[in-house]
Amino acid sequence: MKRFLLLAAFTVIALSACTQSLEPPKLDCPLRLQPAPSGTFAEIRSNHFHGGLDLRIGGDEGIGTPVYAPADGYVSRLRISSYDGGKMLYINHQGNITTVYLHLDGYHGAIADYVLDYQRRNQCYSFDTSLSDGVIPVKRGQLIAYAGNSGMSGGPHLHYEVRNTRTQQSLNPLDYGIRLQDTIPPTIKGIRLLPVDKNTRINHSRSALQIDLSSKPDALGSETNPIPVLGRFYVGVYASDQSWGSTANNGYDRIDIWVDGKPFFQYHVDKITFGDTRAINAQLDWNRYASTREPYIITRRLPGDPAKPARTFGDGSIAFIDSDTTLHYLTVAVSDYNGNRSVRRFYLRNCFETLVPMHDVPEHPNYNLQSDSLTVRWPLSVFRGNYQIEMPAGMVYYDDLLTHGTSTDRRYISPIVTVKPWISPYPPHHTWTLRMPLVIGYEPEQLVICRLNGDNAAALPTRIVERKIEGKPGRWLEADVRVWGNFIVKADTAAPWVKPLNFKNGNRFTGRVLNLRMSDNLSGVRSYRCFINGEWVLSEFDGKSATLSINMAQIDSSIKDFELRIFLTDACGNSREQVFTLRR
């Protein structure tokens, strides 16, 4: 019996220790500043949820603001890109938590040494590498980096994320220790009622209705002047939030809607799966957003929405019994993380007008196009002699037809391939694959698939693959696509180039950093390498400004004459070597 009790005691102690090690840590704010966000978790961005918290650092003067480790851990990943998040840092902590830092100006201490050594050994600026536990440990409060404006940042700030280490789902940093000074309730900027179908009438119209949010006692929607409705309709809400020191149009935490005092709809995001981040589009009044960029969250639920950030009844539509003459009311509340709330109420009543039968003839797809069923649940493959399409399941949020086909235009060396849904206005949820044949008379490596936007052609990363053409082996151009539209093949035969911005070839240079503009006419620069007097030098490329920068502190100060030699290659293999001389 004593042996059993002793074993049980050791088991309890072991389980307790294990549980403590798995508990998520309390994370300190990575900046020694009062948190003032310019972007909040799950905020609505173009085609995605915002995955973290954007912390303000005071504009350009704040570049270089120290960033500190919020808890003990180790550096698990280092990534530098001329685009995206710029200079990035990932730290793993106990409790299955990873913190992520984007748009950094630079790294500190052992992290900076590791980055510079990696770049020199591999003669590169951009890279992505993972590190194991013990290579670069960090302690709570340790200086790890400096906030900045690298990558595709819209301005100087620190983008800070908290992730589940195992799943890499993004979590709300406000759940892990950061506290905002916030006594300001969200602002409800607009409420709309949207018809479900052509049998719906809102204020005797088949169009959506913008609710009057003024305080006029006789406004449409007031108790004395209820909105007449007939049939089923959705509700759309447009709101924003603000806290101490923040920008004015930050995201909120949740939307609640009650019908006659009973809960009907709730919108709230507590984690983001990056593979489904485009599902924000399924929650928006998309046509309104596409034309005005006003992100109205609507109560409608689409069957193909994988994120499902909203809970509601049925398909999210509201309808009253035909014979009901009762005065009904809808209550809309928008809350922020600190519990500040804004509430609006408006009133509705059934109208009893007689519907005129509608005999709308559905528009047929363009007769130059073919169509195939595009469903939520199943993948789709289309194989034609002059194009091939492969799409995974879950491309659309409801079943539709995929229209596709070709047309000719003498301005282009290939037919125009059109790929788009018949009805759905939403962008594709996933990446799909488009293949187009090689063009006779051009080297395969010179060819690139482009998306047409009006008369402008934007190149897509293109590769050459072996695929069957009507049962016979053949070579195709292949690209991964995240849009619908028109696509062509273009030839890129011009090499990229650089142009000095702050020095002249052959002249004296007394500055600290050489700046050059780097450009390519179509496919984009794939690689570049810079050498001064035959020695490789680190050069940073900023995708926002297309600026290539070389810090002259890398060069021995006793050297007075320089030969700068730059080798450039674009995505189609076109190469150029440019040489500049200067002295100091």
Side-chain angles (χ1 to χ4, degrees), residues 42-50 186-203 205-213 221 227 229-241 249 251-259 262-269 276-320 328-335 342-346 348 376 396-398 400 421 423-427 429:
E43 191 172 276
I44 300 166
R45 300 290 176 89
S46 179
N47 278 332
H48 67 283
F49 295 101
H50 186 233
T187 300
I188 298 178
K189 296 185 171 183
I191 299 175
R192 287 164 57 83
L193 303 186
L194 300 95
V196 169
D197 53 40
K198 294 178 180 179
N199 292 320
T200 303
R201 299 290 185 274
I202 301 171
N203 195 29
S205 170
R206 296 168 61 191
S207 302
L209 174 70
Q210 192 81 27
I211 301 296
D212 185 350
L213 296 180
I227 301 167
V229 294
L230 177 63
R232 298 184 299 138
F233 60 91
Y234 304 117
V235 181
V237 180
Y238 171 33
S240 66
D241 190 38
N249 294 311
Y252 42 84
D253 186 59
R254 59 189 279 178
I255 296 174
D256 292 278
I257 297 177
W258 295 265
V259 178
K262 296 179 180 179
F264 174 76
F265 174 84
Q266 182 185 97
Y267 171 85
H268 172 70
V269 181
D276 292 331
T277 188
R278 280 197 162 204
I280 183 56
N281 294 330
Q283 203 64 55
L284 295 174
D285 178 356
W286 176 259
N287 291 326
R288 177 80 176 189
Y289 181 69
S291 61
T292 67
R293 311 314 287 178
E294 295 175 350
Y296 276 83
I297 297 294
I298 58 176
T299 57
R300 178 188 57 202
R301 292 184 66 177
L302 296 177
D305 178 2
K308 294 180 173 58
R311 294 183 297 172
T312 188
F313 289 95
D315 65 355
S317 65
I318 299 171
F320 305 119
H328 298 277
Y329 64 94
L330 268 63
T331 307
V332 175
V334 181
S335 308
S342 292
V343 181
R344 300 303 296 257
R345 175 180 292 185
F346 55 95
L348 310 96
V376 171
V396 289
Y397 301 115
Y398 51 81
D400 202 346
I423 297 174
S424 172
Y426 301 98
H429 184 69

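Taking both residues in full, the closest heavy atoms of V343 and A333 are given as CG2-CB, 4.0 Å, listed atom of the first, atom of the second, then distance. Closest of all the heavy-atom pairs between G316 and T299 is O-OG1, 2.7 Å. The two residues G251 and D241 come nearest to each other via the heavy atoms O-CB, 3.5 Å. Taking all atoms of both residues into account, the shortest heavy-atom contact from P421 to D400 is CB-OD2, 3.4 Å. When all heavy atoms of I202 and P195 are compared, the pair lying nearest together is CD1-N, 3.6 Å. Minimum interatomic distance between Y252 and A239 (heavy atoms only, all atoms of both residues): CE2-O, 3.3 Å.
A distance of 8.5 Å separates CD1 in I188 from CD1 in I255, rounded to the nearest 0.5 Å. We find the CZ-CG distance between R344 and L213 to be 4.5 Å, quoted to the nearest 0.5 Å. Distance OG1/T200 to CG/L194: 10.0 Å, rounded to 0.5 Å. Y234 OH to L193 CG: the interatomic distance, rounded to the nearest 0.5 Å, is 13.0 Å. Atoms CZ and CD1, from F265 and I318 in turn, are 10.0 Å apart once rounded to the nearest 0.5 Å. Atom-to-atom distance recorded for N203:CG and L230:CG is 12.5 Å, nearest 0.5 angstrom.
In terms of the side-chain contact (heavy atoms from CB on, under 4.5 Å) criterion, residue partners of Y329 (sequence neighbours excluded) are, by chain and number, D260, T331, R345, Y347. Residues passing the side-chain contact (heavy atoms from CB on, under 4.5 Å) test with S240, sequence neighbours excluded: T187, K189, N249. For S207, the side-chain contact (heavy atoms from CB on, under 4.5 Å) partners are S205, not counting sequence neighbours. P306 meets the side-chain contact (heavy atoms from CB on, under 4.5 Å) test with D276, A279, Y397, H429; sequence neighbours excluded.
With H328 as the partner, the ring pair (Phe, Tyr, Trp, His ring centres under 6.0 Å) test is satisfied by one option alone out of F233, W258, F264, F320: F320.
Judged as a salt bridge (Lys or Arg N to Asp or Glu O under 4.0 Å), the pairs with a partner in residues 298-317 (not counting sequence neighbours) are, in order, R232-D315. For residues 285-295, every residue pair satisfying the salt bridge (Lys or Arg N to Asp or Glu O under 4.0 Å) rule, not counting sequence neighbours, is listed here: R192-D285, R288-E294.
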Criterion side-chain contact (heavy atoms from CB on, under 4.5 Å) on I191 and L330, from CA distance to verdict: CA-CA 11 Å; I191 299 175; L330 268 63; over 6 Å; no
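Contact of the Y238 side chain with the L284 side chain is not registered, since no non-hydrogen atoms from C-beta on lie closer than 4.5 Å. Within the 4.5 Å cutoff, side-chain heavy atoms of I211 are placed close to those of I227. Within the 4.5 Å cutoff, the side chain of F346 has no heavy atoms near those of the D212 side chain. No side-chain heavy atom of L302 sits less than 4.5 Å from a side-chain heavy atom of V376. Using a 4.5 Å heavy-atom cutoff, the side chains of Y426 and V396 are not in contact.
Between the side chain of S342 and the backbone N or O of V334 there is no donor-acceptor pair closer than 3.5 Å. In this structure, R45 contributes its side chain and A42 its backbone to no donor-acceptor pair below 3.5 Å. Judged by distance alone, the side chain of H48 and the main-chain N or O of I280 form no donor-acceptor pair under 3.5 Å.
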